[in-house]
Amino acid sequence: MVDSRDRNGQKRVQELRENLDAGEAEAIVLAIERRADLLLVDERRGRGTAISAGLTVTGLLGIVARAKQAGLIDLAKPVLDELIHNARFWIGPELYAEVLAELGEG
């Protein structure tokens with residue numbers, strides 16, 4: 001949560017909440033304040049707002065891809081399938097296939 005003593009941060013969160021949900025707005029403002037190297041955000045509007053603010057963003061798919069590339073997981077497909085079935089993560093079938101193909105699993 002953005003430090004409540006930071007009135008500018010709270011004002012920025014309120015401005016962003018006009019178009020984003022509270023969590024995304026807080027995350028973007030906190031990432032700006034902390035000069036984060038990377039922000040995890042999946043929603044299109046949140047990604048666009050974060051990029052416009054000069055932040056580098058990735059989504060959950062990017063995290064899974066990085067984990068496989070770094071050797072932290074052997075296969076991305078079971079991880080994605082678990083996210084889809086257990087966490088109700090939504091990914092379109094075309095993007096699902098594209099990600100797996102890029103990771104050599106398609």
Side-chain angles (χ1 to χ4, degrees):
M1 184 175 221
V2 174
D3 189 339
S4 60
R5 294 171 293 182
D6 181 355
R7 292 180 195 253
N8 289 331
Q10 290 300 317
K11 182 179 177 184
R12 286 183 291 207
V13 168
Q14 290 305 316
E15 290 169 358
L16 291 176
R17 287 200 60 196
E18 292 177 15
N19 296 310
L20 305 174
D21 68 33
E24 287 175 319
E26 291 268 352
I28 290 168
V29 171
L30 188 59
I32 292 167
E33 289 177 351
R34 303 290 173 139
R35 295 182 176 89
D37 294 327
L38 186 66
L39 176 65
L40 173 64
V41 60
D42 281 305
E43 298 295 327
R44 183 174 289 148
R45 257 190 255 156
R47 289 176 75 91
T49 300
I51 290 167
S52 293
L55 296 169
T56 302
V57 300
T58 192
L60 192 51
L61 296 176
I63 296 295
V64 172
R66 286 175 188 213
K68 180 170 181 189
Q69 293 162 347
L72 299 173
I73 59 174
D74 293 325
L75 296 170
K77 186 179 185 319
V79 174
L80 293 178
D81 290 345
E82 185 172 338
L83 288 167
I84 291 165
H85 297 293
N86 296 333
R88 297 186 179 178
F89 179 74
W90 188 89
I91 178 175
E94 291 174 1
L95 182 57
Y96 177 86
E98 181 182 322
V99 168
L100 292 179
E102 287 179 11
L103 294 173
E105 296 181 37

- Message: Quick test of your reading: applying salt bridge (charged side-chain N to carboxylate O under 4.0 Å, His left out), list the pairs with at least one residue in residues 49-74, sequence neighbours left out, ordered by first then second residue.
- Response: Lys68-Glu105
- Atom pair CD1/CD of Ile28 and Glu24 - distance to nearest 0.5 Å: 6.5 Å
- Note on the structure: Separation between OG1 (Thr58) and CG (Asp37), nearest 0.5 Å, reads 13.0 Å
- Message: Test of understanding: with salt bridge (Lys or Arg N to Asp or Glu O under 4.0 Å), list the residues that count as partners of Asp81, not counting sequence neighbours.
- Response: Lys77
- Task: Return the set of residues passing salt bridge (Lys or Arg N to Asp or Glu O under 4.0 Å) with Glu102 (not counting sequence neighbours), or none when no residue passes.
- Result: none
- Those residues that, when tested against Gln69, pass side-chain hydrogen bond (donor to acceptor under 3.5 Å, both in side chains) (two or more places apart): none
- Task: Test side chain to side chain contact (heavy atoms under 4.5 Å, CB included) on Leu80 and Leu61 and set out the steps.
- Result: CA-CA 8 Å; Leu80 293 178; Leu61 296 176; 3.6 Å; yes
- Take atom CD in Glu82; do more than 12 heavy atoms of anything else shown fall under 6.0 Å from it? no
- Query: Taking only residues two or more places apart in sequence or in another chain, which ones pass side-chain contact (heavy atoms from CB on, under 4.5 Å) with Ala97?
  - Reply: none
- Query: Can you get from Leu55 to Ile51 by hopping between Ile, Leu, Val, Met, Phe, Trp and Tyr side chains that sit under 4.5 Å apart?
  - Reply: yes
- Under 4.5 Å between side-chain heavy atoms, hopping through other hydrophobics if needed: is there a path connecting Val79 to Phe89? yes
May I have the list of side-chain donor-acceptor pairs in residues 38-47 shorter than 3.5 Å, sequence neighbours left out?
residue: Asp42; atom: OD1; partner: Leu60; partner atom: N; Å: 2.8
residue: Asp42; atom: OD2; partner: Leu60; partner atom: N; Å: 3.4
residue: Arg45; atom: NH1; partner: Asn19; partner atom: O; Å: 2.9
residue: Arg47; atom: NH1; partner: Val41; partner atom: O; Å: 2.9

- Item | Stepwise side chain to side chain contact (heavy atoms under 4.5 Å, CB included) check, Val64 with Leu83 | CA-CA 10 Å; Val64 172; Leu83 288 167; 4.2 Å; yes
